[in-house]
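Just below is one structure, and these are the notes that go with it.
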Amino acid sequence: MPELPEVETYVRELRPQLLGKRVVGGEVHWPRIIAIPEPDLFLELIRGRRFDSFGRRGKYMLLGLDSGETLIIHLRMTGEVRVQPATVEPDKHTHLLLALDSGERLHYRDPRKFGRIWLVGDPADVLRKLGPEPLEDGFAPDDLGRGLAGRTASIKALLLDQSILAGVGNIYADEALFLARIDPRRLGGELSGDQVAALHGAVRTVLQAGIEGRGSSLQNYAPPSGEKGSFQEEHRVFRRTDQPCYICGTPIRRIVLAQRSTHFCPTCQS
DNA sequence: ACCACAACCTGGCCGC
DNA sequence: TGCGGCCAGGTTGTGG
């Protein structure tokens, strides 16, 4: 589910709930969610460790431990992290429980089991293929242009490629392409310099607006505080199939690109 | 190197 | 109520 704005919201809301707390025990109920190391060693290494820092890279959450190691969590489609009182019992979708010295427990819950968790000495081992952070000051139109140059995949597929740009997913790709007035079927390498610059600006605008709305809450998704985000109210095209474009009134179209639902205005985006 | 697509999983919704 | 089909905010592995 979550893209950059949802993960950033997660980090902001979980940080005060976890910083300074220490892990005093844990249980893994679905071993495959622990990517590195083996689950038994994972639990051995994390027991007794304190959370010292909390950050984000792309759609990954990075929790720095007092051992110098980093706990990395990727929620993929349906992962959730909650810090709960000890009285809250895990349900059948809770795959990792970490007991904290505060008496609470961290629950990692994930109905589709796509999410992954790593415990590594060097985060680069997990993150090295990621492209630039779109909201960093140093991210320039040329950085995006270099990633798209010569590519013959659709611009929609390339925006979803985390090695070109980190953090954009299906919602924000569609919204950015609408804002930049670019047809999602256009090939990456055929965009003009002006279009690349417009897309660069649009990606930053929609991600920033997403963060300000505390993410998009579709279905039952909500950030750790439990209060839903609001950016879904600002979607211009995403899941607005057959509804009128807010600019020109043309019905929004849904097509499939890169195996993902893609929504666009056939009049505004060409 | 690049591209398209199956696979990984479960649950919700819709029509019959 | 049950069943089949489709949908879901992501990434990885495989084959061409």
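When reading the values below, keep in mind they use all heavy atoms of this one structure, side chains included, and skip hydrogens, waters and symmetry mates. Proteins get letters first, then strands, A, B, ... in listed order; numbering begins at 1 in each.
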Report, one pair per line, the protein and nucleotides 13-16 of chain C atoms (nitrogen or oxygen only) whose separation is under 3.5 Å.
none

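Closest approach of Pro266(A) and Pro251(A) over heavy atoms only: CD-O, 3.6 Å.
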task: Output, in order, the C-alpha distance, side-chain angles, deciding distance and verdict of side chain to side chain contact (heavy atoms under 4.5 Å, CB included) for Glu80(A) and Arg109(A).
output: CA-CA 5 Å; Glu80(A) 294 175 10; Arg109(A) 189 177 173 276; 3.4 Å; yes

message: The test is salt bridge (Lys or Arg N to Asp or Glu O under 4.0 Å); show your working for Glu104(A) and Lys21(A) and say whether it passes.
response: CA-CA 10 Å; Glu104(A) 300 158 301; Lys21(A) 292 178 185 171; 2.7 Å; yes

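Rounded to whole Å, the separation between the P atoms of dC5(B) and dC7(C) comes to 15 Å. Nucleotides dC9(B) and dG13(C) place their P atoms 14 Å apart, quoted to the nearest Å. One P atom belongs to dT11(C), the other to dG11(B), and the distance between them is 22 Å to the nearest Å.
Distance Leu218(A) CG to dC7(C) P: 16 Å, rounded to the nearest Å. Per the geometry, CZ belonging to Arg260(A) stands 8 Å off P belonging to dA8(C), to the nearest Å. Going from atom CZ of Arg32(A) over to atom P of dT11(C) covers 17 Å, rounded to whole Å. Tyr10(A) has its OH atom 15 Å from the P atom of dG10(C), to the nearest Å. Atom CD in Glu80(A) sits about 13 Å away from atom C1' in dG9(C), given to the nearest Å. Atom CG in Leu4(A) sits about 11 Å away from atom P in dT11(C), given to the nearest Å.
Residues satisfying the side-chain hydrogen bond (donor to acceptor under 3.5 Å, both in side chains) test with Glu13(A), not counting sequence neighbours, are Arg214(A), Ser225(A). Residues that satisfy the salt bridge (Lys or Arg N to Asp or Glu O under 4.0 Å) test with Glu27(A), not counting sequence neighbours, are absent from this structure. By the side chain to side chain contact (heavy atoms under 4.5 Å, CB included) test, Ala140(A) is found to be paired with Asp143(A), residues two or more places apart in sequence or in another chain being considered. Remark: Asp125(A) pairs with Arg128(A) by the salt bridge (Lys or Arg N to Asp or Glu O under 4.0 Å) rule, at least two apart or across chains. Every residue two or more places apart in sequence or in another chain that forms a side chain to side chain contact (heavy atoms under 4.5 Å, CB included) with Ser230(A) is listed here: Glu233(A). Leu41(A) pairs by the side chain to side chain contact (heavy atoms under 4.5 Å, CB included) definition with Pro37(A), Glu44(A), Leu45(A), not counting sequence neighbours.
Nucleic acid contact class of Arg239(A) (heavy atoms, under 4.0 Å, all strands): base. When heavy atoms are screened at a 4.0 angstrom cut-off, Gln259(A) is found touching base atoms of the nucleic acid.
A salt bridge does not link Asp110(A) with Arg112(A): none of the charged nitrogens is closer than 4.0 Å to a carboxylate oxygen. Between Lys59(A) and Glu3(A) there is no salt bridge, since none of the side-chain N atoms of the basic residue sits less than 4.0 Å from a carboxylate O of the acidic one.
Side-chain contact check for His29(A) and Thr94(A): no donor-acceptor pair (N or O, by modelled atom type) lies under 3.5 Å. Ser192(A) and Asp194(A) share no side-chain donor-acceptor pair at under 3.5 Å. Asp174(A) and Tyr172(A) share no side-chain donor-acceptor pair at under 3.5 Å. In the model, Thr262(A) has a side-chain atom that pairs as donor or acceptor with a side-chain atom of Lys156(A) under 3.5 Å.
Of the residues in residues 107-116 of chain A, those lying under 4.0 Å from DNA chain B by heavy-atom distance are Pro111(A), Arg112(A), Lys113(A), Phe114(A). Residues from residues 157-180 of chain A placing a heavy atom under 4.0 Å of any atom in DNA chain C, listed by number, are Gln162(A), Gly169(A), Asn170(A), Ile171(A).
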query: For DNA chain B, what string of dots and brackets results from 5' to 3' when Watson-Crick and G-U pairs need both distances under 3.5 Å, crossing pairs get [ ], and pairs with another strand get |?
result: .|||||||.|||||||

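Between His74(A) and the phosphate of dT11(C), there is a side-chain N or O to OP1/OP2 separation shorter than 4.0 Å. Note on Lys59(A): a side-chain N or O is less than 4.0 Å away from OP1 or OP2 of dT11(C). Contact annotation: Thr78(A) side-chain N/O to dA8(C) OP1/OP2 distance is not under 4.0 Å.
Trp118(A) and Tyr60(A) have tilted rings, their planes meeting at an angle from 30° to 60° on a 0 to 90° scale.
Once you apply a 4.0 Å limit to the heavy atoms of chain A, the touched nucleotides of DNA chain B run 5' to 3' over dC2(B) to dG11(B).
Among pairs with a residue in residues 245-256 of chain A, those fulfilling side-chain hydrogen bond (donor to acceptor under 3.5 Å, both in side chains) read Arg240(A)-Tyr246(A), Thr250(A)-Thr267(A), Arg254(A)-Ser261(A), at least two apart in sequence or across chains.
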